[in-house]
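Remarks on the structure that follows.
Below, chain A is the first sequence line, B the second, and so on; all start at residue 1. Just so you know, these numbers come straight off a predicted model, no measurement behind them.
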Amino acid sequence: MFEPAPAPAEHQDHSDAPFDANAVDDVGPAVSARALANGRRWMALLPWLAPLGLAGVLCAMVASAPEQPTLRTRGATRYGLSAAARSEAFWQIASYEPVWRVRAAAQFPDHPWSAEDDYHWNVRAHVTRLVAPTLGVHPSAIWSLYDEGVRSAWRVAPPPGSPRRAGGLTQPLRPTIVPLRPRTR
Amino acid sequence: MRHGVHGHAIPLPPSAAVAERGWVRWTLWLALAAAWLWPGLTRPTMLGGAVDWSYFTAHDISAYRSLVDHGQLPAWDPYACGGIPMIGNLQTRPIGLTALLTWLFGLWPGLRLSLLAMVVLGMEGGYRYARHRGVAGVGALLAGAAFATSGRLAQAIAEGQPGLMAFELAPWALLGLERGWRDWRAASVGGLWMALSFLEGGAVPTPLTAVLLLVVALLRTGVALWRRGHDEVAPWRPLAVLGWMATVAAGVAAFRLLPIAESLWLWPRQWQSQDVYTLGHVLNMMVIAEPPGSHTANGASYFGAPLLLMATVALLLRDKRAIWPALLFGITLDLATGTRDFLGIFPAIRDLPVLENLRHPMRFGLYSALFCATCAGVAIDALELALHHRLQRRPGDAPRLLAALLAASMAFGLALWPLSNSMIFTGKRLAGVFDRPAPLMVDQPFRQSLGNRWAADTWPALNLGTLSCFEEQPFPQAIGLRGDRAAEEFVDPPEAGTATRLAWTPQGIDVEVTLADDVTGASLVVNQNYHRAWDAGPRATFARPDGLLAVRLPPGRSLVALRFSDSAVGFGLAVSGCFLLGLPLLHHRRQRRRRDEPDGDEGEAP
């Protein structure tokens, strides 16, 4: 078995021995060497402040980016739109529903989920390209009022001067979906 | 001095004096990655307009809501499709580096910083792989930087597939495999990288990297058999190392792997495209710099002709260090075509069970970038050494420091050409990506909405579920789901009583139900899909004929505490914990044993 060798004479415990000035001289340089080694070790870590600092700056820069605007979901001017503007925006989306559904069914006659999916693609394209930019609001605002319209089964009338058919929506938008069935190709 | 691939000593090039310093490299990686991702880093609340941006961001927001807003493990996603497994969905990344960063820095900054972290890891991984293959100095730096900013990764960001950034971890896994031929600890670490790749990317990078590792292991086995008796690697070792890496990866990621395996078993992935490409097309994706196009357009895997040229120089110099990466470059080119024309590896792999719907083989072009960059690194390393040697051949020709500086400068200039060519092109690809404002985050009571899957990220941000949805797997979706219910939890039949929501989190719902004392057979219905893991304590949960989640109720007043508690996740967590705790212990014990027995068998399995 391995047994530790006895400590060298100069490292043995002399706590009971009388004070010896020479012994202090012996210990002094040893302590300094250890401190020096520790110091060197810490100094070797100093350059790592460069990548750490850069990472910190980058994290701070990204984390301090301007916050998003707040979307009010209650009140008379919720979503940043008046009641009339909300009604008009919903009309602009919902009035196309019959056309888009017919077109989607023709495109995917044997795949109801795909037809539904195609319909929703048209809704999204209309919201992001036309409705939100026209009203100057964030798309989330339009989607919120879209949800409100579907949920509340809105049957809105066309806005005054609408070039399209005069009657209002006779049917609310369908609040159900065709269950998910992705295509294999 | 360093050791080359065949064990002989090679002097280090002068630039290695700088490149070997970790702090220099990490500073350089951070600076390069930040420059490359600058348009995204400066505007974290701007996303890309591609549909996948919306899809994957939706999952990230759902995970964030569970993890950060409610402090819960995101096992269930009530925001998608009326409720589907989150941790069991291969397309998500609810636990991993990204989740950690969003927890630390907030949703949008965290998502953007995860891109930065991945690119930086890719650079260091590419560098270390090149170092492992005997390349040093500027050459190895070039390998790391060129790989991590190559076109396929830029394309992943442009198309909004952040999970594909897990490809950046491939060199680490490869390093684990190749170092594992001599050291089991390296194999374990490689397994951990594979686990992280799975947690971060899942669907695509993990199987593709696994295929690459399999090919490399088989190739090395072939070499070991060919050089039998003269090779320090036993023929059985490469495949054993790969097996151990797979075990570690599967064990550490078990809490995701088990529920994913279950969901894939029940609802297999659907899409089965059989895309193949000609070799010319694959090369065009790598070297033709054309304006941004689809994921198969010219330039989609760009790393540029200068890098390819530099790699060719390494072969012309007949440097042995270039043989292995060049061989792997050729193999990955064949894999990227997806055809049976030459080696036919990819179609053979697709014939295997589970892997039959692997698609888009051109993504193997990403690994081609790594091996091409490593070859290019060999050329630069060799040229730097040659110049340094020439300048120092006769004492007095040039002062020692000046010779080193001249050689390193030449290497730097040579590396700058292919790197700037690639980074400028792929960086431009990223510049135009972030043009869509992120959806606004709203805190309001959760409810299902009709939604729209093409704007999938809008709904979880609004704390609404979207019934209109898309997933790669046909998760069951109840026909009873509605986007216009007055309350998400209700009593059936309605006249039997009332239900009041007391608390709602993505993983649990507390409802107070009051029924008349003479009512029997009534149930509490939740406007979400049924899943076997929903638990209501002493009360039985069941799927109604319309697919909605329901709980049987006794007459009178009841407090129903529904919790999503998946035993597959729980068991997986226990397995993952055992692996995470057991691995260090295993290697510590083994190291101690080896210390006690200096002549211990190096090749002993862990």
Checking heavy atoms, do the side chain of [X], its backbone, both or neither come under 4.5 Å from chain A?
X	answer
B:Ala31	both
B:Gln473	backbone
B:Leu116	side chain
B:Leu440	both
B:Ala461	neither
B:Trp459	side chain
B:Ser468	both
B:Leu464	side chain
B:Arg482	both
B:Thr458	side chain

Which distance, rounded to the nearest 0.5 Å, do you find between the [atom1] of [X] and the [atom2] of [Y]?
X	Y	atom1	atom2	value
B:Arg453	A:Ile177	CZ	CD1	13.0 Å
B:Phe470	A:Ser114	CZ	OG	9.5 Å
B:Thr27	A:Leu49	OG1	CG	10.0 Å

Quick one: what part of [X] sits under 4.5 Å from any heavy atom of chain B, side chain, backbone, both or neither?
X	result
A:Tyr119	neither
A:Val127	neither
A:Arg72	neither

Would you say [X] and [Y] make side-chain contact, with heavy atoms under 4.5 Å?
X	Y	answer
A:Asp147	B:Arg447	yes
A:Pro66	B:Thr45	no
A:Thr176	B:Leu481	no
A:Pro47	B:Arg21	no
B:Ser449	A:Arg151	yes
B:Leu462	A:Thr73	no

| Side-chain donor or acceptor of B:Asn452 paired with backbone N/O of A:His120 under 3.5 Å |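 Present.
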| query | Is it true that a side-chain atom of B:Trp454 and a backbone atom of A:Asp117 form a donor plus acceptor pair closer than 3.5 Å? | reply |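 Yes; judged by distance alone, with no hydrogens or angles, the pair exists.
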| Can you tell me if CZ on B:Arg436 sees more than 12 non-hydrogen neighbours from other groups inside 6.0 Å? |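 Atom CZ in B:Arg436 is crowded, with more than 12 foreign heavy atoms closer than 6.0 Å.
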| task | Take atom CH2 of B:Trp38 as the centre, draw a 6.0 Å sphere, and report whether it contains more than 12 heavy atoms from other residues, nucleotides or ligands. | result |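 Counting neighbours around CH2 of B:Trp38, 12 or fewer heavy atoms of other residues, nucleotides or ligands fall under 6.0 Å, so no.
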Ignoring hydrogens, what is the shortest heavy-atom contact between [X] and [Y]? Give both atom names and the distance.
X	Y	answer
A:Ser140	B:Pro439	OG-CA, 3.6 Å
B:Gly451	A:Tyr146	O-CE2, 4.0 Å
B:Leu30	A:Pro51	CD1-O, 3.3 Å
B:Asp484	A:Pro175	OD2-CG, 3.2 Å

Chain A contacts, top residue of [options] (heavy-atom pairs, under 4.5 Å):
options	value
B:Trp26, B:Trp23, B:Phe475	B:Trp23
B:Ile479, B:Asp457, B:Leu450	B:Leu450
B:Arg112, B:Glu471, B:Arg25	B:Glu471

| request: Can you run down the salt bridge (charged side-chain N to carboxylate O under 4.0 Å, His left out) pairs that involve residues 86-106 of chain A, sequence neighbours left out, and say none if there aren't any? | output: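 Qualifying pairs, neighbours excluded: A:Glu97-A:Arg101, A:Arg101-A:Glu116.
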| request: Look at A:Thr128, A:Leu58, A:Val150 and state which one has the largest set of heavy-atom pairs under 4.5 Å with chain B. | output: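 With the most close heavy-atom pairs to chain B, the winner is A:Leu58.
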| request: Quick one: which of A:Pro179, A:Ser144, A:Pro182 has the most heavy-atom pairs under 4.5 Å with chain B, could you say? | output: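 If we count pairs closer than 4.5 Å to chain B, A:Pro182 comes out on top.
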| request: Name all residues meeting the ring pair (Phe, Tyr, Trp, His ring centres under 6.0 Å) criterion together with B:Trp108; count only those two or more places apart in sequence or in a different chain, and write none if there are none. | output: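 Ring pair (Phe, Tyr, Trp, His ring centres under 6.0 Å) check on B:Trp108 returns nothing, list empty.
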